[in-house]
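Reviewing the structure listed below.
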Amino acid sequence: MKHYDVIIIGGGIVGLSSAYYLGKAGKSVLVLEKGDGTNGCSFGNAGFVSPSHFVPLSSPGIISKGLKWMMSSDSPFYVKLRLDVGLMKWGWQFMNHATTKHVEDSKQLLVDLSLLSRELHSDIAKESNFPLQNKGLIMLCKEEATLAHEIELAKQSVELGMEANVYNTAELKELEPNMNIDALGGVLFKVDSFTDPVGFMKHFPSLLKQFYVTIQYQSAADDFSFKNKKIESVFVGDEQYSADNFVLATGAFAPALLKKLKLNLLVEAGKGYSVDWTNPTSTPSMSYILAEARVAVTPFADRVRLAGTMEIAGINEEVNKTRANGFLKSIQEYLPDYSFDKLKNLPVWAGLRPCSPDGLPFIGRAESYTNLIIATGHAMMGFTLGPVTGLLVKEIIEEESTSVEIDKLSANRYN
Ligand SMILES: Cc1cc2nc3c(=O)[nH]c(=O)nc-3n(C[C@H](O)[C@H](O)[C@H](O)COP(=O)(O)OP(=O)(O)OC[C@H]3O[C@@H](n4cnc5c(N)ncnc54)[C@H](O)[C@@H]3O)c2cc1C
């Protein structure tokens, strides 16, 4: 049986980032990835690296808005109720955390994590020669109330040390002269960046070649052997691999695998959709979130990506055509050139965000096994927080003091 210092299960951005920092520290690492390294949540996302997103999903207003959205078959947020103890516990914790106090208690931590991660993204971009676009992100609003809310967030962002500017309709036109924009105004969060996640995820593995890191694709971890609070090995079918430490970075698929270790983790899959449009009618120079519709618009070198929806509906990657059409139809309200007629036949990608109930990731050692580190639950922020999570995983394994205080991210906080 082959032995490694660390085995990482999951080759999304969290798994690869962990491999990168552990490899750099001289560890021998095996990454087991069940797919072929070309698809998954870390590829199909909007590509934002966004420290300005310091409000967790579980925040005031989400419950009333969510209940209203749940009445509609094409809304951007949806929870499919099912008889499942895990979902009920998750829902209970989600509701408990939808408070101003929770937002206040979490925002500095989220900012610290994402600002450091943005720096690390920038270093990785330089090293892999794949660009990170530091252009900021505009929240585009059609309604007074949404714009007022974004202006309030802009104030908080400035207080947290991140510049933000408010634009009216005319100023938006000046900023984006080649696009037809129909909006009341917008807020530019200058600290945010974006990159093409497909390119990023293709370039990243080549950086790992300089270290003792092996990535093994088409290798689904399906069981473990363990003894005296220690995992000894992981099984991939008949193959068995042993390691000193194991990192679980399987995103939304974490709870199923953890059941093999008799562990429960409150992570629910939050399905989202994205569509790539090559040769669009017009290409924005900036990246946007269409605020009321909750749709992301990101201009990559060869296409524009449109991404949206959050469906809590279990492990199910099927495209719900009504909901996907709902998100595509909402875009023309803001960008008249992006009519539903032009978008409706583009292939729709679906992927599962790993959502914790409080909007904070789980990063830390599992209390029941001394050599298991859990790193998942990043929800809408996983692409942003991938690199810092990898660094923290390395620091935990190396028993170093962590770059950011991680007590609130404990993997055991709902045990
Ligand atoms: C539409 C959409 C837009 C988004 N936009 C953004 C954005 O702009 N910015 C941002 O920060 N975040 C964004 N996100 C969220 C972000 O994509 C995720 O949080 C992030 O990709 C999660 O990374 P991960 O490595 O934890 O999980 P994943 O990317 O899901 O990786 C987990 C990997 O584990 C593998 N795996 C699972 N089970 C096993 C097993 N048993 N054995 C081996 N391998 C296994 C899977 O195949 C997968 O490759 C978006 C998500 C969606 C859906």
Side-chain angles (χ1 to χ4, degrees), residues 41 43-48 53 57 61-62 64-80 137-147 149-150 169 172-173 176 178-187 194 197 269-300 303-313 316-353 379-380:
C41 203
F43 291 79
N45 65 73
F48 294 147
H53 285 30
L57 179 63
I62 187 75
S64 54
K65 238 188 247 169
L67 287 173
K68 196 180 90 195
W69 276 331
M70 278 179 69
M71 302 299 150
S72 157
S73 58
D74 59 0
S75 61
F77 182 75
Y78 177 70
V79 182
K80 187 174 181 195
L137 165 66
I138 298 185
M139 299 296 298
L140 211 55
C141 306
K142 285 190 77 74
E143 293 166 15
E144 290 275 4
T146 326
L147 186 57
H149 175 67
E150 288 303 326
T169 314
L172 283 172
K173 282 213 161 77
E176 198 72 90
N178 300 322
M179 283 288 287
N180 218 346
I181 292 183
D182 187 354
L184 184 65
V187 176
F194 67 85
K271 184 160 50 177
Y273 300 123
S274 68
V275 159
D276 283 347
W277 192 13
T278 33
N279 302 316
T281 313
S282 52
T283 304
S285 63
M286 312 282 291
S287 63
Y288 293 89
I289 289 182
L290 315 179
E292 294 85 359
R294 310 244 162 169
V295 172
V297 180
T298 330
F300 301 145
R303 66 207 192 284
V304 172
R305 177 165 286 181
L306 308 160
T309 81
M310 172 69 95
E311 265 180 76
I312 306 288
N316 165 2
E317 289 171 280
E318 276 168 35
V319 173
N320 173 328
K321 203 67 190 146
T322 310
R323 215 163 285 284
N325 282 347
F327 120 75
L328 292 175
K329 268 183 199 152
S330 65
I331 298 169
Q332 60 200 4
E333 308 284 324
Y334 303 76
L335 309 175
D337 294 343
Y338 285 45
S339 67
F340 178 59
D341 253 7
K342 288 177 183 154
L343 304 177
K344 67 182 178 199
N345 293 322
L346 297 173
V348 180
W349 169 92
L352 303 177
R353 303 173 183 92
M380 301 118 58

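Side chains included, hydrogens not; waters and symmetry mates left out as well; all remaining heavy atoms used.
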Test log, rule side chain to side chain contact (heavy atoms under 4.5 Å, CB included), inputs Y273 and V319: CA-CA 8 Å; Y273 300 123; V319 173; 4.1 Å; yes
Mind listing the closest non-hydrogen atom pair of [X] and [Y] along with its distance?
X: Y334; Y: L140; result: CE2-O, 3.7 Å
X: S282; Y: D337; result: OG-OD2, 2.9 Å
X: F327; Y: T309; result: CB-CG2, 3.6 Å
X: A183; Y: T169; result: O-OG1, 3.1 Å
X: S287; Y: T298; result: CB-CG2, 4.2 Å
X: G44; Y: S274; result: O-OG, 2.8 Å

Gap between atom [atom2] of [Y] and atom [atom1] of [X] - 0.5 Å precision:
X: L290; Y: I138; atom1: CG; atom2: CD1; answer: 11.0 Å
X: K329; Y: L343; atom1: NZ; atom2: CG; answer: 12.0 Å
X: E143; Y: H149; atom1: CD; atom2: NE2; answer: 12.5 Å
X: L352; Y: K271; atom1: CG; atom2: NZ; answer: 7.0 Å
X: I289; Y: H53; atom1: CD1; atom2: NE2; answer: 3.5 Å
X: M380; Y: M310; atom1: CE; atom2: CE; answer: 5.5 Å

Check: W277 ring centre within less than 6.0 Å of Y338 ring centre: yes
Please answer whether the main-chain N or O of [Y] pairs with a side-chain N or O of [X] as donor and acceptor at a distance below 3.5 Å.
X: K344; Y: L328; result: no
X: Q332; Y: F340; result: yes
X: R294; Y: G308; result: no
X: K142; Y: E292; result: no
X: E176; Y: M286; result: yes

Kindly indicate whether the side chain of [X], heavy atoms from C-beta on, has any atom under 4.5 Å from the side chain of [Y].
X: D182; Y: L335; answer: no
X: P284; Y: V304; answer: yes
X: L346; Y: D276; answer: no

Test: R323 cationic atom under 6.0 Å from Y78 six-membered ring centre, within 45° of axis: yes
